[in-house]
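Only one structure is covered here, and it is reproduced in the block below.
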There are 2 protein chains.
Amino acid sequence: MPRRTKAEAEATREALLDAAEDVFLEKGVSRTSLEHIARHAGMTRGAVYWHFKNKADLFHAMLDRVKMPLQQIIDDITAERQATGPLDTLRLATLHAFEMLERPRSCRVHTILMHRCEFISDINPVELQNRLASDCREVVRRCFQQAHDEGLLIDEIAPDVATLMLHSMIGGLVHDWLRAPDSFSLRESGGEAIDSLFHLITRRA
Amino acid sequence: MPRRTKAEAEATREALLDAAEDVFLEKGVSRTSLEHIARHAGMTRGAVYWHFKNKADLFHAMLDRVKMPLQQIIDDITAERQATGPLDTLRLATLHAFEMLERPRSCRVHTILMHRCEFISDINPVELQNRLASDCREVVRRCFQQAHDEGLLIDEIAPDVATLMLHSMIGGLVHDWLRAPDSFSLRESGGEAIDSLFHLITRRA
DNA sequence: TGGCATTTACATTCATGTATGTATGCGTGT
DNA sequence: ACACGCATACATACATGAATGTAAATGCCA
């Protein structure tokens, strides 16, 4: 039965994207057909092709519904919300990104991005991911540089090294957690690890 | 011209696996057909089906030619080669794993594993990877526990937290480096970050 | 009633697996 | 030493199924 109201059409679009999340997560992107997605949403392939140009288009629409953790971190750092200094800015931004990641949709989509699709072909924004990683590293580096200039960092750690340590720890924690979300709490255990890192590199009074 | 000597047959097998590495790396696993691999090796699909049962079998044979970094770390830790203590054991094992990863074949295969295939379906040992990660974490934890008991760790860091920090840093460094091997040197910059971590958590005399 | 949302039907492409063909190396008997 | 036979190491051909994209059909809301 075709042509509901405009609002209903928008609802089926969302339903298709929800279904895509579910099926991609379960079977991986390349092994799911548009037929699978449509059936899981209670529709046929025709609905998919009405709302989206093809699989890649649908995939990107799914991505557009969430924010990249590294983008979140960049935005938080540049916003500098209620932090007491550059190091605190970095710490809070990281913990905030962890919080965002634990939301169900974020978790699903980023699990798909990390563990359910191949980072090559027209479908995947590896370029975007690389640029994001590069941009984020630069913003973090500037923050650590500022902390260094203000004498907040201990002498043993250069800003560049601190940047790599933080960046890799974030990436590793997210990667491991998305692979097995039940093995530990990102906010609690992950936050504890991040807190410890900042504790270690902060110059004591 | 069929039926070469036994040695030549083994050579074509290796050539097929080499070709698989190349094509998987270039196009991603799911988008490469056995035809692609065979042609890239200068053969036809018949050769592939003679040496391997199917794509999954070929994929696993490709994996069998390299050692998993986490397995390398586990082995190094249990071997305890010329280290001066548990912390040094961990540090050297990590750096050794980095060295191994920089070998061309290792680099290619693990890039495929991390960024060119989907961790779902019959083809991929996500089970094995999870078990490896879990085992490695346990071995590392025991090592940190021993360091703690011997008074080598600073008081602020519990063995569990140190374990998560090291494990996530390794994972993050490897992940980032495999995505863009030219952006930094795993041995140099990565090693520096690891060294710094151990410097920070080691109790000073 | 006309355009919008969706289904149905169809043509095409492509990868897979298997079955068959085929020439050669290799052991065997004499 | 030499022919014979068979298993080996591939290439070729074919049948199948699955996914894609598109065109036509259909019903509903405004």
From CG of L34(B) across to P of dA15(C) the rounded distance in Å is 10 Å
Does the pair R65(B)/D18(B) count as a salt bridge with the N-to-O cut at 4.0 Å?
yes
Any luck finding a side-chain donor-acceptor pair between H199(A) and S196(A) under 3.5 Å?
no
May I ask you to decide whether E26(A) forms a salt bridge with R116(A), counting only side-chain N to carboxylate O separations under 4.0 Å?
no
Closer than 4.0 Å, any side-chain N/O of W50(B) to the OP1 or OP2 of dA9(D)?
yes
Nucleotide dG25(C), atom P - distance to CD of E8(B) in whole Å:
8 Å
Measure the distance from CE on M43(A) to P on dA5(C) and round it to the nearest whole Å.
13 Å
Sugar-phosphate only, base, or nothing, as touched by T44(B) at under 4.0 Å among non-hydrogen atoms
base
From dG17(C), dA9(D), dG21(D), nucleotide with atom closest to Y49(A) side chain:
dG21(D)
For the side chain of R45(B), starting at C-beta, report the closest nucleotide among dA13(D), dA9(C), dC10(D).
dA13(D)
Using whole Å, what does the distance between atom P of nucleotide dC10(D) and atom CZ of R39(B) come to?
16 Å
Please give, in whole Å, the distance from dT8(D) C1' to H51(B) NE2?
10 Å
Mind checking if A47(B) touches a base, just sugar-phosphate, or nothing, with heavy atoms under 4.0 Å?
sugar-phosphate
E35(A) CD to dT20(D) C1', straight-line distance once rounded to whole Å:
11 Å
Rounding to an integer number of Å, can you tell me how far N54(B) CG sits from dT16(D) P?
21 Å
Check whether any side-chain nitrogen or oxygen of T12(A) sits under 4.0 Å from OP1 or OP2 of dT6(C), and answer yes or no.
yes
Hydrogens and angles aside, do E118(B) and S30(B) bring a side-chain donor and acceptor to less than 3.5 Å of each other?
no
Any donor-acceptor N/O pair, K67(A) side chain to M100(A) backbone, under 3.5 Å
no
Whole Å only: how far is the NZ atom of K55(A) from the C1' atom of dT20(D)?
10 Å
